[in-house]
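Keep in mind the model is a prediction, meaning the values are calculated, not measured.
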Amino acid sequence: MGAITSAELNFLVFRYLQESGFVHAAFTLGYEAGIHKGGIDGNVVPPGALITIVQKGLQYIELEANTDENDQEVEKDFALLEPLEIITKDVEELQQIVKKRKRERLQIDCDKDKGKAKECIEEHEHRLGGERERERHDKEKDQEMERDRTERDKVQEKEKEREKQHTEHIDKVKHEEDPLASGGPKPMDVSTTPHEIFSADVTVLEGHSSEVFACAWSPAGSLLASGSGDSTARIWTIPDGPCGSIQSSPASGHVLKHFKGRTNEKSKDVTTLDWNGEGTLLATGSYDGQARIWSRDGELKQTLFKHKGPIFSLKWNRKGDFLLSGSVDKTAIVWDTKTWECKQQFEFHSAPTLDVDWRNNNSFATCSTDNMIYVCKIGDPRPVKTFSGHQSEVNAIKWDPTGSLLASCSDDWTAKIWSVKQDKCVYDFKEHTKEIYTIRWSPTGPGTNNPNQQLLLASASFDSSIKLWEVEKGHLLYSLAGHRQPVYSVAFSPDGEYLASGSLDQSLHIWSVKEGRILKTFRGSGGIFEVCWNKEGSKIAACFSNNTVCVMDFRM
């Protein structure tokens with residue numbers, strides 16, 4: 001048998017981290033270990049491979065420990081050892097433990113046999129003495145059952161008569177009040193069963209050769225951008241007509257290559273992307289630490305060099321004169337989009353920066369695996385506000401539409417809401433039972449196009465649930481339980497009435513925010529990393545682990 005190589009072991013650990021939901025750890029291992037250079041085809045490695053190998057290794061060692069030169073065969077049930085013993089002790093020690101426990105088991109079995117013999121004698125004597133008692137008891141029981149049957153028949157007769165009278169009364173009332181009797185309108189059929197979106201009604205965009213991690217609609221026109229682990233981003237032109245097999249013309253696109261020539265020189269996975277407010281420029285962040293600016297036609301305009309680690313977050317401000325990036329190198333950089341030079345680099349975190357988000361055109365927040373959140377302002381050398389309270393890495397941050405409240409979510413299973421007016425969090429939501437991966441504010445309330453609707457916060461967790469929080473009073477509005485595996489992405493429709501969610505269980509659900517139930521669902525053939533709505537709210541896109549992007553229509 002050939003020995004497993006370090007590259008193969010690294011790949012197995014990498015896949016284990018991915019499958020367990022430790023995305024950031026997987027990214028870091030993949031980058032530092034050069035997973036892409038190993039030449040291993042991930043498609044032939046089954047899910048849970050590392051666990052399977054470890055379990056088989058433990059079973060082999062235990063089998064070896066249960067066998068010596070005097071044994072003719074091994075017992076089928078040889079689970080006499082604990083996993084920790086197998087890992088920490090050599091085979092000779094394990095064999096001594098097994099022999100000792102076999103003797104103990106043999107003694108216990110002998111004691112049990114003696115006890116069983118004694119019980120058998122006592123039971124036989126008890127049986128002989130109790131036959132007459134049981135016969136008498138059975139006779140009394142038969143008499144009692146006969147009396148019960150007679151009483152039950154009488155009660156049933158009375159119930160039938162009462163039900164008959166009640167039915168006649170209801171029929172009479174319905175005839176008098178039902179508008180159908182006089183030709184009135186039929187009542188609406190309200191169904192609680194979600195409508196299945198079939199594959200024939202979905203446009204599948206193929207071309208990527210690895211997982212698609214990110215997707216985003218242009219705020220202008222019908223362009224959809226996607227970023228993948230194949231070191232490319234793509235800009236797709238989505239026709240205005242209906243999606244699926246009846247689509248009049250197929251989607252076309254541009255390939256945005258993040259490499260020159262061969263791709264195996266260095267990992268250039270596209271980890272994040274964002275359109276500017278006019279939809280004229282697309283920014284992409286990559287594993288190589290470079291941010292790239294592209295035209296809507298796929299032309300590379302600028303490459304921004306300064307980060308020394310993968311970029312995990314990239315955001316334009318609303319005005320479009322600054323671009324903000326956050327990196328594994330622990331820093332955040334504000335880029336001047338007129339000169340494409342570094343305006344200011346913020347070095348406050350002591351660990352990788354995971355997310356950044358603009359508060360307004362010149363101030364923003366950053367979060368990190370160091371559990372901290374900093375509010376920063378262009379020109380200030382120190383943070384203008386520091387939020388500490390999370391007990392584990394902070395995965396995402398988002399300002400509300402007015403820029404007055406900041407939401408955060410963490411691996412400590414909590415989501416929190418902060419205000420710059422105070423140091424402690426305003427609300428601390430603790431209802432999730434596993435890590436929370438992402439959060440989204442609804443496009444509702446003051447400062448939005450839907451000012452008369454209440455402001456909500458959605459949180460998506462590895463506990464397979466989504467929770468909707470009513471922010472004004474700080475309570476849980478709905479707990480949406482429809483997924484079976486971690487939920488990686490949620491997105492509100494532009495009118496705030498619907499919520500799309502994507503999960504590793506390969507399903508996309510569309511929920512009614514008002515009713516807290518699933519309206520439509522689509523089941524793909526890969527885990528979903530991100531979902532997004534176009535600006536009209538008429539189409540939804542989702543990117544999958546099976547290298548595809550799916551687009552579907554939404555109509556109610």
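Side-chain N or O atoms of N362 include none that pairs as donor or acceptor with a backbone N or O of G379 at under 3.5 Å. With hydrogens and angles ignored, the 3.5 Å screen pairs no side-chain donor or acceptor of W533 with any backbone N or O of P494. S20 contributes no side-chain N or O that, together with a main-chain N or O of L17, makes up a donor-acceptor pair within less than 3.5 Å. Between the T271 side chain and the G285 main chain, a donor and an acceptor come within less than 3.5 Å of each other. At distances below 3.5 Å, not a single donor-acceptor pair connects side-chain atoms of E393 with backbone N or O atoms of L354. D269 places no side-chain N or O within donor-acceptor distance of the main-chain N or O of S231, the cut-off being under 3.5 Å. E470 places no side-chain N or O within 3.5 Å of a backbone atom of L477 that could act as its donor or acceptor partner. Of the possible donor and acceptor atoms, one in the side chain of D230 sits under 3.5 Å from a partner among the backbone N and O of S209. S461 places no side-chain N or O within donor-acceptor distance of the main-chain N or O of S464, the cut-off being under 3.5 Å. When atom types are taken as modelled, the side chain of D357 and the backbone of A365 share no donor-acceptor pair closer than 3.5 angstrom.
Taking CH2 from W340 and OG1 from T303, the interatomic distance works out to 10.5 Å, rounded to the nearest 0.5 Å.
Side-chain contact, T521 with H509: a donor N or O sits under 3.5 Å from an acceptor N or O. Donor-acceptor pairing under 3.5 Å is recorded for the side chains of H349 and T366. Side chain to side chain, E278 and N276 fail the donor-acceptor criterion of an N or O pair below 3.5 Å. Neither side chain, T337 nor D321, offers a donor N or O lying under 3.5 Å from an acceptor on the other. Side-chain polar atoms of S226 and H208 form a donor-acceptor pair below 3.5 angstrom. Between the side chains of H258 and T232, no donor-acceptor pair of N or O atoms lies under 3.5 Å. Side-chain contact of Q345 with T331: a donor-acceptor pair under 3.5 Å is present, judged by distance alone. A side-chain donor-acceptor contact under 3.5 Å links D400 and T402.
A perpendicular orientation is assigned to the rings of Y287 and F312, their planes being inclined by more than 60° (bins at 30° and 60°). Note: Y437 and F462 have parallel aromatic rings, judged against thresholds of 30 and 60 degrees for the angle between ring planes.
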What's the verdict on side chain to side chain donor-acceptor pair (under 3.5 Å) for W511 and S501, showing C-alpha distance, side-chain angles and the deciding distance? CA-CA 8 Å; W511 308 78; S501 62; 2.9 Å; yes

Go through it in stages, so that I can follow the logic: the residues are L457 and I439, the test is side chain to side chain contact (heavy atoms under 4.5 Å, CB included), and I'd like the CA-CA distance, side-chain angles, deciding distance and then a yes or no. CA-CA 7 Å; L457 179 72; I439 44 175; 4.3 Å; yes

Apply ring pair (Phe, Tyr, Trp, His ring centres under 6.0 Å) to the pair F213 and Y488, showing each step before the final yes or no. CA-CA 10 Å; F213 295 120; Y488 270 125; 9.7 Å; no

Would you check, one step at a time, whether the test side chain to side chain contact (heavy atoms under 4.5 Å, CB included) holds for S525 with N546? CA-CA 7 Å; S525 54; N546 70 341; 2.8 Å; yes

Test side chain to side chain donor-acceptor pair (under 3.5 Å) on K467 and S479; report intermediate values, then the result. CA-CA 4 Å; K467 299 193 186 296; S479 183; 2.7 Å; yes

Check against side chain to side chain donor-acceptor pair (under 3.5 Å), S295 and D297: CA-CA 5 Å; S295 72; D297 297 324; 4.7 Å; no

Should N534 and S538 be marked as a side chain to side chain donor-acceptor pair (under 3.5 Å) after you check the CA-CA gap, both sets of side-chain angles, and the distance that decides it? CA-CA 7 Å; N534 66 350; S538 59; 3.0 Å; yes

Apply ring pair (Phe, Tyr, Trp, His ring centres under 6.0 Å) to the pair Y374 and F346, showing each step before the final yes or no. CA-CA 10 Å; Y374 294 118; F346 298 81; over 10 Å; no

Verdict with reasoning, D428 to K416, per salt bridge (charged side-chain N to carboxylate O under 4.0 Å, His left out): CA-CA 5 Å; D428 191 2; K416 302 182 192 295; 2.8 Å; yes

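The shortest non-hydrogen separation linking F429 to G474 is CE2-O, 3.5 Å. Counting all heavy atoms, side chain and backbone alike, A351 lies closest to T369 at CB-OG1, 3.0 Å. For the residue pair V356 and I397, the shortest heavy atom distance occurs at CA-CD1, 4.2 Å. Closest of all the heavy-atom pairs between L282 and A225 is CD2-CB, 3.8 Å. Taking each heavy atom of I436 and S459 in turn, the nearest pair found is CG2-CB, 4.0 Å. The shortest heavy-atom contact between I311 and S325 is CG2-CB, 4.4 Å.
A 6.0 Å sphere centred on NZ of K257 holds no more than 12 heavy atoms belonging to other residues, nucleotides or ligands. Within a 6.0 Å sphere centred on NZ of K424, heavy atoms belonging to other residues, nucleotides or ligands number 12 at most. Remark: K398 NZ is packed, more than 12 non-hydrogen atoms of other residues, nucleotides or ligands lying under 6.0 Å away. Around atom CD of E472, no more than 12 heavy atoms belonging to other residues, nucleotides or ligands sit under 6.0 Å away. The 12-atom threshold is exceeded at CG of N360, counting heavy atoms of other residues, nucleotides or ligands nearer than 6.0 Å.
K430 and D412 are not joined by a salt bridge, as no carboxylate oxygen comes within less than 4.0 angstrom of a charged side-chain nitrogen. Using a 4.0 Å cut-off between charged side-chain N and carboxylate O, D288 and K268 make a salt bridge. Residues E341 and K343 are not paired through a salt bridge, judged by the lack of any N-O separation under 4.0 Å between the basic side chain and the carboxylate.
The salt bridge (Lys or Arg N to Asp or Glu O under 4.0 Å) contacts involving residues 358-386 comprise K385-D423, where partners must be two or more places apart or lie in separate chains.
With a 4.5 Å cut-off on side-chain heavy atoms, W217 and W275 do not count as touching. Side chains of L224 and I235 form no contact here, defined as non-hydrogen atoms less than 4.5 Å apart. Looking at T353 and S327, their side chains never come closer than 4.5 Å, going by heavy atoms from C-beta outward. At least one side-chain heavy atom of S408 sits under 4.5 Å from a side-chain heavy atom of W418. Counting heavy atoms from C-beta outward, S442 and L455 have side chains that approach closer than 4.5 Å. Put simply, the side chain of L324 does not reach to within 4.5 Å of the side chain of I333, judged on heavy atoms. At least one side-chain heavy atom of S210 sits under 4.5 Å from a side-chain heavy atom of S228. Between Q506 and F544, the closest side-chain pair of non-hydrogen atoms is not below 4.5 Å.
Of the candidates W399, W358, F322, W358 is the only one forming a ring-ring contact (aromatic ring centres under 6.0 Å, His included) with F364.
The aromatic ring centroids of F554 and Y498 lie less than 6.0 Å from each other.
With sequence neighbours excluded, no residue forms a ring-ring contact (aromatic ring centres under 6.0 Å, His included) with F11.
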